[in-house]
Every structure is written in structure tokens, then in C-alpha cells.
Amino acid sequence: MATGVAAWLPFARAAAIGWMPVANCPMPPAPREHSKKQDELIILNVSGRRFQTWRTTLDRYPDTLLGSTEKEFFYNEETKEYFFDRDPDAFRSVLNFYRTGKLHYPRYECISAFDEELAFFGIIPEIIGDCCYEEYKDRKRENAERLMDDQEENKDSKLPNMNFRETMWRAFENPHTSTMALVFYYVTGFFIAVSVITNVVETVPCGSTPNQKDVPCGERYTVAFFCMDTACVMIFTVEYLLRLFAAPSRYRFMRSVMSIIDVVAILPYYIGLVMTNNEDVSGAFVTLRVFRVFRIFKFSRHSQGLRILGYTLKSCASELGFLLFSLTMAIIIFATVMFYAEKGSSSSKFTSIPASFWYTIVTMTTLGYGDMVPKTIAGKIFGSICSLSGVLVIALPVPVIVSNFSRIYHQNQRADKRRAQKKARLARIRIAKKGSSNAYLQSKRNGLLNELLDLTGSEEEEQHMNKTSSLLESQHHHLLHCLEKTTAHEFVDEQLFEQNCIEGAQFSRSPSLSSQEGFTGTCCTHRSRKRIPLPNASLSTTHTHTHTQGLQELSAIHIQCGDQPSLSTSSRSSLNMKSSERSRINCRGQQITTAVISLPSPTNFPPDGDGHSPANPIPAPPTINTTTSSNIVKVSAL
Amino acid sequence: MSCRKRCKREFLKFAQYLFRLITGTLNADSVEDELELSAVRHRPEGLEQLEAQTRFSRKELQILYRGFKNECPSGVVNEDTFKDIYSQFFPQGDASTYAHFLFNAFDTDHDGSVSFEDFVTGLSILLRGTVQEKLNWAFNLYDINKDGYITKEEMLDIMKAIYNMMGKCTYPILKEETPRQHVEIFFQKMDKNKDGVVTIDEFIDCCQNDENIMRSMQLFENVI
């Protein structure tokens with residue numbers, strides 16, 4: 001139950017009168033209010049600033065500091081107020097959370113200070129309302145990144161216990177971690193530069209031999225260039241093989257872009273080695289040399305900027321595609337027009353539409369080489385329209401691309417944040433629901449334990465049980481119990497339900513047990529299991545049914561709840577992670593057997609007249625087999 | 001309208017359209033969206049009047065109102081909020097159908113919203129009323145179309161709504177015909193003259209003879 005609507009619990013309970021005429025069984029008694037306290041004003045003194053609120057406002061969230069008894073630690077007897085030595089500005093948000101049920105994040109507040117305040121008062125930040133959630137998450141992420149940057153700078157020390165391979169990989173990825181890595185990094189960089197320069201210089205015509213033509217240097221100093229090339233390729237090959245060896249996932253490494261670039265850079269050399277100096281393939285061989293220019297892309301390992309540019313282009317691919325498409329459309333249109341306009345004039349360079357493409361592109365991008373110009377008047381008119389529209393067509397998509405890029409980038413982030421928030425919110429709701437239903441089932445078992453302890457006569461533990469659930473909770477559980485009685489069905493948790501389904505499929509005896517007796521039957525068997533605390537419980541004695549589950553049932557519950565202080569799990573919030581613990585607690589003691597319900601011995605279980613158990617004792621379904629404490633008879637349900 | 005006037009109007013519209021095309025004014029966002037009807041605000045009658053009309057004391061009314069206004073700052077509850085609030089008490093099942101019936105029972109003037117007066121009047125009957133009044137209220141709840149008779153269909157709707165609140169994970173497993181069987185039992189008990197409907201007198205008579213029901217009516221006396 002969301003404690004925010006605690007104020008409506010009296011209404012829900014009053015409305016339960018609507019079920020009474022329909023029910024066939026008597027209702028359980030209402031929980032007594034131990035102390036009818038008037039609602040009082042509490043003074044909270046936070047560093048001198050006094051806040052006042054009703055006690056019930058704070059009690060709405062019993063899992064926080066202010067809502068639980070933890071605040072008694074801060075009570076000041078002389079001044080009769082609760083004193084907290086914290087920031088009063090941040091406390092405003094905290095107190096507003098109690099009042100309105102929504103937690104807001106004030107924008108002027110520092111994120112870590114706010115987090116600390118929330119942690120102090122036991123409020124988890126995930127319940128920040130939607131209005132402030134985005135801001136909160138943004139600031140938190142910025143802060144985390146800042147901290148991470150700081151941490152990375154301090155990450156010089158080598159982690160212990162790294163084997164040789166991991167060390168090498170780390171050296172490759174972060175060159176500044178060790179001197180060797182740095183040396184290697186610079187050496188490879190140098191050789192990439194050398195290789196690129198070699199490729200460029202190779203084609204420069206140098207030296208004037210007595211021949212007519214200028215010979216490019218490559219052909220003049222073939223051996224020198226070949227040695228240089230070989231050396232570079234050696235280094236690159238060694239580097240690639242080392243990276244391949246050190247990579248944590250070789251397959252993934254081989255698929256990565258950088259490794260493909262590496263391979264493409266060195267492959268031409270090897271192909272050239274393999275191929276002989278054959279006339280036929282020398283043309284292809286020359287083409288392959290073009291690929292050597294890809295070595296320049298190896299620089300992107302050394303340059304962060306290149307990598308960012310590549311990523312930007314990749315992410316803007318659709319916008320660039322649109323730009324290209326619109327340009328193509330315009331080019332085709334204008335080329336056609338120009339061709340037909342210039343068809344008439346003689347000695348026109350516009351020999352065909354594809355030939356006019358060149359003119360259109362040059363004009364639209366405002367290059368204007370002047371190698372093709374229109375001569376007719378119509379051609380000139382359309383030519384001018386072409387250049388004007390060219391400016392528009394080029395200029396328009398570029399800001400669109402830029403703004404698209406920034407919009408998409410931010411949108412992605414926002415969508416991710418929204419998705420995460422929605423998931424978190426759904427998870428919260430689910431956990432809250434589960435928590436409250438688990439709380440109810442837990443209190444049922446507590447109630448049964450209560451009964452048992454009553455039977456064996458240990459007083460202290462019973463009192464302990466009584467105190468653990470708050471009045472609000474016991475009232476809510478009473479309400480749920482009334483609903484159970486009205487419909488003559490019980491709430492069970494999911495595991496038991498699934499087990500029952502399985503059993504129902506395997507052995508059709510158990511549901512028939514209840515269906516034979518009809519409603520009054522099931523209802524009565526339920527009733528018989530519980531102690532009727534009302535004085536005139538004359539109805540129970542008129543039963544002639546064999547009480548199918550007698551003392552055996554009562555004993556077959558898990559007592560492990562008795563040793564856990566986290567019995568007040570229902571109060572420690574559903575919002576906390578403890579729900580997982582709670583569900584573990586619920587199923588830990590139950591070793592559920594898929595055995596058939598044994599037809600029980602007809603032990604008549606007379607209800608005790610003196611009832612004082614305020615909780616709602618209903619034993620769990622009979623297929624539970626647990627170990628119990630020494631007081632209670634050990635029974636297995638097979 | 002004469003042809004000339006029509007032509008003139010069309011021409012003006014076209015000229016405006018051309019003008020808008022050239023100057024590029026977009027369609028202005030409809031301003032009405034901004035002036036949203038401010039939420040219906042409701043202020044309840046004074047404390048003294050409510051004290052006189054209901055059986056609650058001043059202090060109790062104060063507590064009730066504070067809780068009410070906290071959840072509904074505008075002072076009225078509409079059906080969705082009502083369903084929302086009520087559903088939070090029954091996490092395992094779906095309480096919205098039953099909340100719908102409850103809402104209709106509380107909304108005595110059938111204006112689609114429950115004000116504080118409606119709320120407190122209903123509570124006064126439920127918590128401080130005589131047994132007769134409570135039974136009357138229950139009858140009113142079951143009688144969906146408020147015609148003075150509870151038919152089997154109405155009862156079946158109510159019953160299904162109640163069983164929906166249990167949810168799926170119950171023991172024993174809920175079957176399809178469970179609500180119907182329950183309705184049969186109810187009618188067997190209540191419908192004395194076997195005419196297929198339950199009137200208010202039959203209902204009250206039967207309930208007053210049933211000890212269980214009588215006892216459970218007293219159950220929530222001390223809720224506030």
C-alpha cells in the first residue's frame with residue numbers, strides 16, 4: 001500500500017461494509033488501536049530553522065529516518081523538539097516530500113550535497129518526481145564523469161596480477177602507461193609518417209637525366225624506396241601480429257575497423273611480392289599501390305580528433321544521404337534543361353546530358369571553372385537560375401545536418417534517459433505492489449506463529465510479534481483479510497500459486513476437496529483452522545466436517561521468521577532493494593513438495609475460546625514441509 | 001450572396017494565402033490550448049454545517065478533510081483518481097471495477113465527482129449510522145441502476161468486481177463459475193419470494209436475521 005494514501009485507509013475500510021451482506025463467513029475482528037494518539041505537531045529544528053508538521057505527515061513513510069523511530073535519537077528533551085545539524089535549505093525538499101509525496105530536486109543545489117542529505121534522511125533518490133528527474137540525472141552523470149576523469153589521471157599504477165598478454169594489450173591501448181608502450185607508440189607513428197611521405201615523394205619527378213622525360217624518384221632510386229617500404233611494412237606487420245596476440249577477443253579485434261585498415265595497408269606489399277613482374281598484372285599492381293595511402297588512416301589511433309570525425313560522419317549518414325539525393329535531383333534537372341537549351345548552338349560543349357552534369361555541378365557549387373559555358377540566351381538564363389539555386393541547395397541542408405546532428409544526439413540521450421526512468425518507475429511500482437502483498441502474507445504467517453506460540457505458551461515472543469507491525473499496516477491487513485473472507489479464497493504468493501497450479505494439473509484431488517464441499521465447506525475448513533476469538537462462536541461447533549487440517553497444519557509453517565529482525569520488512573520500504581531479500585525470506589523456509597494432500601486424520605480441533613490474537617492467522621496451504629523449532633511438533637506433509 | 005461579393009471574398013482569400021506563402025507565416029498555434037479551463041475548484045461547506053449534517057465531531061472532520069484535500073488538492077475526486085486511490089489498497093488484483101461501483105454509490109448527486117460533502121456523508125452512514133442505514137447503503141451499492149431491485153445480473157457484476165480484487169494468485173484457485181455460484185447462494189438466501197430480484201425489504205429483513213452479517217456491520221465502528 002502506498003503510504004501516501006494512508007489517509008484514505010479509513011475510507012477503504014468503511015467501504016468494506018459493502019462486502020458484508022455478500023459474505024458467507026464471519027469477518028475477522030478488527031485490530032485494536034493500542035494507543036489512540038491525537039495528531040500532534042512536531043517541531044523539527046534544522047540548524048536553527050524550525051519546521052513544523054503533523055506527526056501523521058511524517059508517519060507516511062515509515063522507512064525513512066523521520067518516519068521511523070530513528071528520529072527519537074535526535075530528540076532534545078529540554079526544548080521538546082527534534083534537532084538535526086544539517087542544511088536547512090536541502091531539508092525543505094525533504095520535508096516537502098513528506099507533505100506532497102513527491103521529491104523535487106532544487107536546481108541551485110549541488111548534486112552531491114543533495115545526495116548526502118537524502119542518504120542521511122533515508123530517502124532513496126530514485127523517487128524523484130518526473131519534473132526534476134532529468135535534471136537530476138544529468139547533473140549526476142556530469143559529476144560522475146568528472147570524477148571518472150580525475151580517476152583516470154591517477155590511474156598510473158599498474159594493476160597487480162596481470163599476465164603478459166593483458167599487460168601488452170593495456171600498453172597498446174594506453175600508451176602512457178609505461179615507457180615501453182610510449183616508445184612503441186612513437187616508433188609506429190614515425191614509421192607511418194615515413195611511409196606516407198615515401199609514397200608521396202615516390203611520384204615526384206626528380207633528377208634530370210640525359211633522357212627526355214623526367215623520371216619520378218621512385219623509378220630512379222628503386223632500391224632505396226623498396227628498402228624503405230619493406231622496413232615500414234615489417235614494422236606494421238609486427239605491430240599487427242602483436243596486437244592480434246594481445247587482444248582479449250581475437251575475433252572481435254579482427255572485425256574492428258582499425259585492424260581492417262592495418263591489413264589493407266600492408267596487403268599490397270605482400271601481393272606485390274607474390275606477383276612477379278608480369279606485364280599483364282602490372283596494371284593491377286599499380287592500382288594496388290593506391291591502397292598504400294590507407295596507411296594514413298592508421299594515424300587515427302594516434303589522434304582522437306580523427307576518430308570523433310569518423311563517428312560524426314557515421315552518425316550523420318542519413319542526413320548526408322539526403323543532401324546527396326537532393327543534389328542529384330537538382331543536377332539532373334538542370335543538366336537536362338541546359339542540354340536542351342544549348343542544343344541549338346553550334347560547337348557547343350554540351351554534347352550530352354551526362355556531359356552537362358559536369359557543368360551543372362561546377363556551377364551549383366559556385367566553382368565556375370569556365371571550361372563549359374552556355375552560349376545561347378536561353379542557356380544563359382537557365383545557367384544563372386542554376387547557379388542561384390545551387391547556392392540554396394548547398395546552403396540549406398548543411399545547417400539542417402548540423403542541427404539534426406545535435407538534435408539527434410540530444411534526443412538519443414533523452415530517449416535513453418526516459419527509457420531508463422520508465423523502467424525504473426515500473427520496477428518501483430512492481431516492487432511496491434509485491435512488497436505490500438508480501439507484507440500481508442508475511443503477517444499472516446506471523447499471525448499463525450503467534451497462535452503457535454500461544455499454544456506453547458511463550459509470552460515474550462508474542463509481544464515481540466505484535467509490536468513489529470504498525471497500526472496502519474494491521475488495519476490494512478485486516479481489510480485484506482475481510483476480502484478473503486468475503487470471497488472465501490485466500491491470497492497466496494506466486495510460488496505457491498504456481499505449485500498449486502502444477503498440483504492441480506497432476507492430481508485433481510485437491511481442488512475437488514474444496515469443490516465437493518462447496519463454498520460453505522471451504523469457508524468452514526478455513527474457519528476451523530483459525531481460532532475464533534469471538535465469544536459467541538457457536539457456529540464452529542456445529543460443523544460435522546472432519547477438520548481436514550488440524551494441528552498438523554498449524555505446525556507446518558516456517559518458523560524461520562522468528563529469528564529475523566527483518567520481520568518489519570514490511571515497514572522497511574518496498575522501495576528498497578530488500579524486496580528481493582524478502583522474497584527470499586518467504587521461500588527459504590518452504591520446501592514445497594508436490595505431493596498430494598494426504599487425507600488427514602479426523603482430529604477434531606476445538607477452537608479456543610480465549611482469543612486475543614489481533615493478527616490474521618491462516619495457515620499456508622498444506623503442501624508445506626518445513627523444519628520447525630523444538631517446541632513444535634515436526635510434521636511432514638506427505 | 002451575390003456573385004460579385006463571392007468573387008471578391010475568394011480573391012481576398014487567395015491574396016492572403018499568397019501573402020502568407022511569401023512572408024512565410026506559419027499557422028499560429030491555437031490560443032485556446034493555453035487557456036486551459038482551470039481545474040474545477042470546490043470548497044466545502046463550513047465546519048458547523050457539516051457537523052450538523054453528519055455524525056462526526058469537529059476534530060474528526062478536520063482530520064478527514066486534511067487527508068482528503070491532501071490527495072485531491074482541487075477539492076473533488078473524479079472517478080479516475082478514485083480508482084487510482086482505491087487500487088493502491090489491493091495490489092494483487094484489479095480494483096477498478098469495484099471502485100467504479102463504489103464511486104457511484106458515493107456520488108449521490110451523480111455529477112461525476114465526489115466532493116468532500118459526498119465523501120463525508122457516505123462515511124458518516126458507514127461508520128456512525130444505524131444498521132438500517134448501513135444496509136440501505138449496501139443495497140444502494142448493489143443496485144447498479146438504482147431502480148430499487150437487485151437483479152442477478154447486477155449482483156453478478158458486483159461479485160465479479162469483488163473477485164477481481166483478489167487477483168490471480170489465490171488459494172484455492174479461482175474458477176470461472178465461482179462468482180456465479182456465489183450469486184446463487186446469495187439469491188437463495190435473500191430472495192424470499194423467489195421472483196428473481198431482491199427488493200430492499202427482503203434484503204434488510206434477511207440481513208437482520210443473519211447473525212454474521214449483523215456482527216460484521218459493527219466491525220468498523222472505531223475506524224476514525
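Residue contact with chain A, scored on non-hydrogen atoms closer than 4.5 Å, involves the side chain of B:Val77 exclusively. At a 4.5 Å heavy-atom cutoff, B:Ile125 makes no contact with chain A through either its backbone or its side chain. For B:Ile173, the parts sitting under 4.5 Å from any heavy atom of chain A are the backbone and the side chain alike. Contacts between B:Phe139 and chain A at a heavy-atom distance below 4.5 Å are absent for every atom of the residue. For A:Trp19, the parts lying under 4.5 angstrom from a heavy atom of chain B are both the backbone and the side chain. In this structure, chain A has heavy atoms under 4.5 Å from both the backbone and the side chain of B:Lys168.
Other residues, nucleotides and ligands contribute at most 12 non-hydrogen atoms within 6.0 Å of the OH atom of B:Tyr149. Summarising the local packing, NZ of B:Lys189 is surrounded by more than 12 heavy atoms from other residues, nucleotides or ligands at distances under 6.0 Å.
Of all residues spanning residues 95-116 of chain B, those with a heavy atom less than 4.5 Å away from chain A's heavy atoms are B:Tyr98, B:Leu102, B:Phe106, arranged by number.
A 4.5 Å side-chain heavy-atom check between B:Met159 and A:Thr487 finds every atom pair outside the cut-off. In this structure the side chain of A:Val22 never reaches within 4.5 angstrom of the side chain of B:Ile158, judged on heavy atoms. The shortest side-chain heavy-atom distance between B:Lys134 and A:Met20 does not fall under the 4.5 Å cut-off. The shortest side-chain heavy-atom distance between B:Tyr142 and A:Pro21 falls under the 4.5 Å cut-off. Under the 4.5 Å side-chain criterion, counting only non-hydrogen atoms from C-beta, B:Thr170 is not in contact with A:Glu490. B:Phe90 has its side chain out of reach of A:His476: every pair of non-hydrogen atoms, C-beta onward, lies at least 4.5 Å apart.
Under the rule for a side chain to side chain donor-acceptor pair (under 3.5 Å), B:Asp205 has no partner lying at least two apart in sequence or in another chain.
Between B:Phe82 and A:Phe11, the distance from one ring center to the other falls under 6.0 angstrom.
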